[in-house]
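Working notes, beginning with the structure itself.
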Amino acid sequence: MEPNEIPSQYQPQDSEDRVYQAWETSGFFNPDNLATRKKPFTIIMPPPNANGSLHIGHAVFVTLQDIMARYKRMRGFKTLWLPGADHAGFETQVVFDKKLEKEGRSRFKIPRDELYQEMLAFTLENKKIMEGQLRKLGASCDWSREKFTLDPDIVAKTQQAFVEFYNKGLVYRGERIINWCVKHQTALADLETSYVEKKDPLYYFQYGPFVIATARPETKFGDKYVVMHPGDIRYAKYKDGDTLDLEWINGPITATIIKDDAIDMSFGTGVMTITPWHDAVDFDIAERHKLPKVQVIDRIGRLLPIAGEFAGMKIADARPLIAEKLKAKGLLAKTDEAYDHKIAVCYKCNHPIEPQILPQWFLKMKPLAQKAIEAAEKGKVAFIPPRFKKIYFHWLRNIRDWNLSQQITWGIRIPAWFKRESEIKNQGSRENMEDVYVGMTPPEGKGWEQDPDVFTTWFSSGQWPFLTLGYPNSKDYKTFYPTDVMETGWDILFFWVARMVMLGIARTGKIPFKTVYLHGLVRDKDRQKMSKSKGNVIDPLGVAEQYGADALRMALIIGNLPGNDIIISDDKIRGYRNFANKIWNATRFLLMQIGTPPATKKVKYGAKEKAMLVKLKRLTADVTKDMENYRMHHAADKLYHFFWHYYADKVIEEMKPHLDAPDGTTEKETAKALLLEFHRTLITLLHPFMPFITEEIWKHLPKENAKGRTQKENLLIIEKWPTT
RNA sequence: GCGCGCUUAGCUCAGUGGUAGAGCGACUGUUUUACACACAGUAGGCCGGGGGUUCGAUCCCCUCAGCGCGCACCA
C-alpha cells in the first residue's frame, strides 16, 4: 500500500483478524517454534468458566497476561502461555439449573448420564465461543496446548490425587457439619456462603430455671443440653453433668447441664441450648462433650417426625406456630421483635444455609497449609501487591479441613465406592466405614456403588499448573514447571491461589509459581460491580469491535494497579481509540516523508537529535524497568505520554522544517533517520500493550535486517525488545 | 471483634523527602495538508483533619474522621 492510500483513520476491524491469523499461523505462540531459545517463561491461564461468554473482567486478565507473555517473548524467552477452560462445577450447575428452570425442568428429575451429556454439550459450546473471544482480544496463547478441566487425563490425575491422599491418610470420610443449600441440594464451602443482614424476632423461652434466647425455635425440639460458661458465677450452683426435669415444646424432658467456655457470658442470659445437627458452634460443643446429635430438619427444609405435630412443615411456616405454642404453654418469657442479625446464605441463590451433618470427603489441611505458609515466609512465592501475603497467611493459619464433596452432577466423579446403597441414600445415616473403597478402578465383588458426589471444582483447578503441563513425566512438565507467574483476581486468593500452592507442593514437591499477581475487579463509573442483573456490563467484544481491541486493552491496563479495583467507562476506551489513531497518523506522516524505498544511509546526528535520542533511551530503560517490576500500568502510561506529547508534539514538529530540505541533503536524511529510529523503537515498545496496530504498522516500516528473513520472521511479535 | 485498603483539579486516577501531574470534562481560539479521534491555549487543588520526625512532608511516623473491603461460630 502506498502511504497516501493509507486511510486517515485507523480502522481496527480491517486488520485485527488478519493480524491475529498471521500470528497464529506463524506458530510463534508455541514455544517449540522458538527453537533456539533456552530460558522458559510460563504463565498458565486461569481457565475461564465455560458457562457463558467472556466479560470485561476476563478481558483484564487477558490483557495483563498477554502483555507479560509478549514482553517476555520479545526479550528472548521460550514463552508459554497455556490457555484453558474450566467446567466450573457448582457455578455451571447453578447456571444450568436456571436454564432448566426456565424450560420447566429440574435436574433432580433427569437421569444423571443424560443430564451430564447435556451439560457437557452446553459447556463445550461456550468453550468454543470463549476461544474466539480470546483471539479477538489478541491473546498470544499456545492453542496447541489448550486444556479443559474435564479432559480425560485431567480427570484421571485429579482422581489419582484423591486416591493417593487417601492412602496417605490425608483424605478421610467424615460426618461433619456442612453448609447445606436447600435450593441447590449440595454442600457448600464456607467460602461459598455469604451473610445478609436480617431483622427477625428473637424469642426468650423459659427452659426450666433458665431463660434461653433463640431466633430459631424450630430447631429446638431435640435440645436436651443446656450450656453455660464454667466461669459464670450466676450459674455456679449448677455442675457439669447435673440433670433437671423441665417442660418443653412437646412435653416433659430431662435436660443436662454442660459447661463450655465457647459461651459468651455477656450475650443474652449467658445460657443456651444446643442443636448440634443444625449449628456449627453447637456441633463443636457436642463433639467436645461427646453428646448425641439429633436431626430435626431434612434436606429440603422440612421438619422431621421429632417435631411432633409440626412434622412435614417448612421451617418458615412452622417458626411462628412453634413460638405460639410455647407462648400458650407459658414458656415464652419475652420477644424482641426487631432483632438484627446476619444469616448465612448461599452465595449464588441467597437462600438461607441450613447446616446439616452429612458424610463427606475431607482433606486434612493443616500439614498442607504449613508448607504453603513456609513457602511465602521464605519468599519463594511473591505477592503483588505484597499486602495480600498477610491475608494469605491469615487464611492458611486458620484453615479447616476441606470438604471435597459436592452433591451435584457436573464435575469429576469421586473414585470411592460404598457397599450398602441403602445407607448412603438414607439421609442422616451413618455409614459403615468398613464398606468404603477408594481406588482408580471399581472394587471386585458385588453390591458396590460409586459415590454419587463429585469433587468441588477447586480440587481439580487447584492442581491446574502441573496437570496442564502433563505431570509427572512429560517433557513440558520438566521444561515449564514450576511456572513463573500466576495472574488472577484477588477475589480468588483463597479459593484458588492458596490451594494451588498447597496442592502444588503436596503433589509435585514444588511451589507451582514464583510470583502471584493479583489484579483488581472492574467496576462501572458508579463503582458498581458489573453484573448482568444490574445491566451495567460492558461487553468486551462489543467494545473491541467498536473501538478496537488495542484501545480496550489500554483502557484496561492504564490506571489498573495490582489489587485495586478499576473503573472503566466508554469515555476512557474512546480516549485510547484516539491514541491508536494518533499512532496511525504519525505512521502515515512518517511513511509519506521517508518514501519508498527509504533512506538507508548512515547519518551523523547533531546535538539536538542526540539529546532527543537520549530521551528515547531513557524511556526505553524506564519502560523496561517497569515491565521487570510488573508495573505494566505505569509502562503503558509512560508510552502513551511519550509517544503523544513528546514524539508527536515535539520531535515530529521540530523535524518538519528539516524535512522540507531537498532530498538527499544531510539535513533531510538526518531528520528521516531520526524519525524512523523513534518510530521503530516506540512501535516495538508498544507492541505488548497494543499488539494489533503495532504489528500492522510494523509491516509497513522499513526493517533493519530484513534481508534473508522470511515473512514470518519479520513479524513484530518476535522482534527483539529495544536495548537499554 | 480481628485485619486491610482508600481519601490529590468537577470525574477517574498517577506521583515524588525539596516551587503539585495526566486523561476525560469545561472554557477560548484554530479547518496550520499526519491526525477535529486533532492542534494552540485558559480556568480549576490549604494533596481528608490534627500532631510528630526533618533545614524542608502530599510523600515517613502517630492519631482522629469519612468511605470501602476481607476474615470471623455471638445463640
Side-chain angles (χ1 to χ4, degrees), chain A residues 3-4 6-11 177 179 190-191 194-195 202-205 212-217 219-220 223 226-228 262-275 279-285 339 341-342 344 355 385-395 397-400 490-491 493-494 520-521 523-527 529 547-548 551 554-555 558-561 563-593 631 633-634 636-638 640-641 644-645 648-649 652-653 656 659 675:
Chain A
N4 54 5
I6 300 173
S8 68
Q9 283 194 347
Y10 172 53
Q11 304 291 349
I177 192 151
N179 305 298
D190 290 343
L191 287 172
S194 55
Y195 287 84
L202 183 66
Y203 303 101
Y204 290 82
F205 294 121
I212 57 160
T214 182
R216 301 202 58 191
T219 65
K220 296 288 158 198
D223 288 14
V226 56
V227 193
M228 57 208 68
I263 301 299
D264 178 356
M265 289 186 270
S266 65
F267 186 89
T269 56
V271 179
M272 68 175 198
T273 61
I274 57 166
T275 312
D279 186 284
V281 184
D282 297 3
F283 177 87
D284 288 344
I285 293 173
Y339 170 62
H341 65 152
K342 279 192 258 181
R387 66 185 145 91
F388 282 102
K389 195 158 142 179
K390 250 188 181 174
I391 300 169
Y392 167 90
F393 282 143
H394 183 261
W395 190 73
R397 284 179 182 136
N398 296 290
I399 201 162
R400 292 195 287 173
W490 58 260
D491 53 327
L493 177 62
F494 308 140
L521 278 34
R523 299 179 187 273
D524 71 6
K525 55 180 187 297
D526 301 317
R527 285 209 165 278
K529 211 168 173 172
Y547 297 123
M554 285 297 270
I558 292 178
N560 188 350
L561 275 75
N564 286 13
D565 294 352
I566 72 156
I567 310 273
I568 190 100
S569 64
D570 222 48
D571 283 349
K572 189 174 180 187
I573 302 164
R574 208 177 302 126
Y576 293 107
R577 184 272 317 260
N578 296 353
F579 179 52
N581 198 49
K582 189 78 188 174
I583 298 172
W584 188 254
N585 276 290
T587 306
R588 214 156 67 97
F589 176 75
L590 177 82
L591 294 177
M592 284 175 178
Q593 294 302 325
R631 292 189 297 255
H633 61 285
H634 220 167
D637 201 32
K638 279 177 188 160
Y640 173 90
H641 285 106
W644 198 318
H645 300 298
D649 289 352
I652 291 183
E653 291 304 321
K656 275 183 180 173
L659 291 167
L675 292 187

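Reminder, nothing fancy here: chain letters follow the sequence lines and each chain counts from 1. It should be emphasised that the depicted structure is a prediction, and the values quoted were computed from it without experimental measurement. Basis for what follows: all heavy atoms, side chains included, without hydrogens, waters or symmetry-related copies.
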What are the two closest non-hydrogen atoms of [X] and [Y], and how far apart are they?
| X | Y | value |
| --- | --- | --- |
| A:N564 | A:R387 | OD1-NH2, 3.0 Å |
| A:F589 | A:L675 | CE2-CD1, 4.4 Å |
| A:D649 | A:E653 | O-CG, 2.9 Å |
| A:H633 | A:N560 | CB-O, 3.6 Å |

Using atom types as modelled and distance alone, determine if a side-chain donor or acceptor of [X] lies under 3.5 Å from a backbone N or O of [Y].
| X | Y | answer |
| --- | --- | --- |
| A:D282 | A:I274 | no |
| A:N585 | A:N581 | yes |
| A:D565 | A:L521 | yes |

| remark: 5' to 3', nucleotides 67-72 of chain B under a 4.0 Å protein heavy-atom cut-off (B base, S sugar-phosphate only, - none) gives ----SB
| query | Base, backbone or nothing for each nucleotide of nucleotides 25-31 of chain B, written B, S, -, heavy atoms under 4.0 angstrom, 5' to 3'? | reply | -------
Base, sugar-phosphate or nothing for [X]? Non-hydrogen atoms, less than 4.0 Å.
| X | answer |
| --- | --- |
| A:N564 | sugar-phosphate |
| A:Y203 | nothing |
| A:A586 | base |
| A:D279 | nothing |
| A:G270 | base |
| A:I263 | base |

| message | Counting the benzene-type ring for Trp, do A:Y640 and A:Y576 have ring centres under 6.0 Å apart? | response |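 Yes, the ring of A:Y640 comes within the 6.0 Å limit of the ring of A:Y576, centre to centre.
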Measure the distance from [atom1] on [X] to [atom2] on [N] and round it to the nearest whole Å.
| X | N | atom1 | atom2 | answer |
| --- | --- | --- | --- | --- |
| A:R216 | B:rA75 | CZ | P | 11 Å |
| A:L521 | B:rC6 | CG | C1' | 16 Å |
| A:K572 | B:rC24 | NZ | C1' | 11 Å |
| A:L561 | B:rG23 | CG | P | 18 Å |
| A:D565 | B:rG5 | CG | C1' | 10 Å |
| A:Q9 | B:rU33 | CD | P | 17 Å |

| said: Please verify the inter-ring angle class for A:W584 with A:Y10; under 30° counts as parallel, over 60° as perpendicular, anything in between as tilted. | reply: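 Rings of A:W584 and A:Y10: tilted, as their planes differ by 30° to 60°.
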| For A:K656 and B:rA34, is the shortest distance between a side-chain N/O and OP1 or OP2 below 4.0 Å? | yes
| Does a nitrogen or oxygen in the side chain of A:N581 sit under 4.0 Å from OP1 or OP2 of B:rA34? |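 For B:rA34, OP1/OP2 do not have a side-chain N/O of A:N581 under 4.0 Å.
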| said: Pick the closest RNA chain B nucleotide for A:H633 and for A:D649 by heavy atoms, then say which residue is nearer the 5' end. | reply: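 So the residue in question is A:H633.
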| task | Nearest-nucleotide wise, let me know which of A:A262 and A:E653 is further upstream toward the 5' end of RNA chain B. | result |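 Mapping each residue to its closest nucleotide by heavy atoms, the 5'-most match is A:E653.
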| field | NZ/NE/NH1/NH2 to OD/OE distance under 4.0 Å, A:D279 and A:R216 | value |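 Salt bridge flag = no for A:R216 with A:D279.
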| CD of A:Q9 to CZ of A:R577: how many Å apart, nearest 0.5 Å? | 7.5 Å
| field | Distance (rounded to the nearest 0.5 Å) between A:L590 CG and A:I652 CD1 | value |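 Output value for this atom pair is 7.5 Å.
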| query | Tell me, what's RNA chain B's dot-bracket, Watson-Crick or G-U with both distances under 3.5 Å, | for other-strand, [ ] crossing? | reply | (((((((..((((....[..)))).(((((.......))))).....(((((..]....))))))))))))....
| query | Is any side-chain N or O of A:K220 under 3.5 Å from a base N or O of B:rA75, one able to act as donor and the other as acceptor? | reply | no
| query | On a plain distance test, is the side chain of A:K390 in donor-acceptor contact with the base of B:rC4 below 3.5 Å? | reply | no
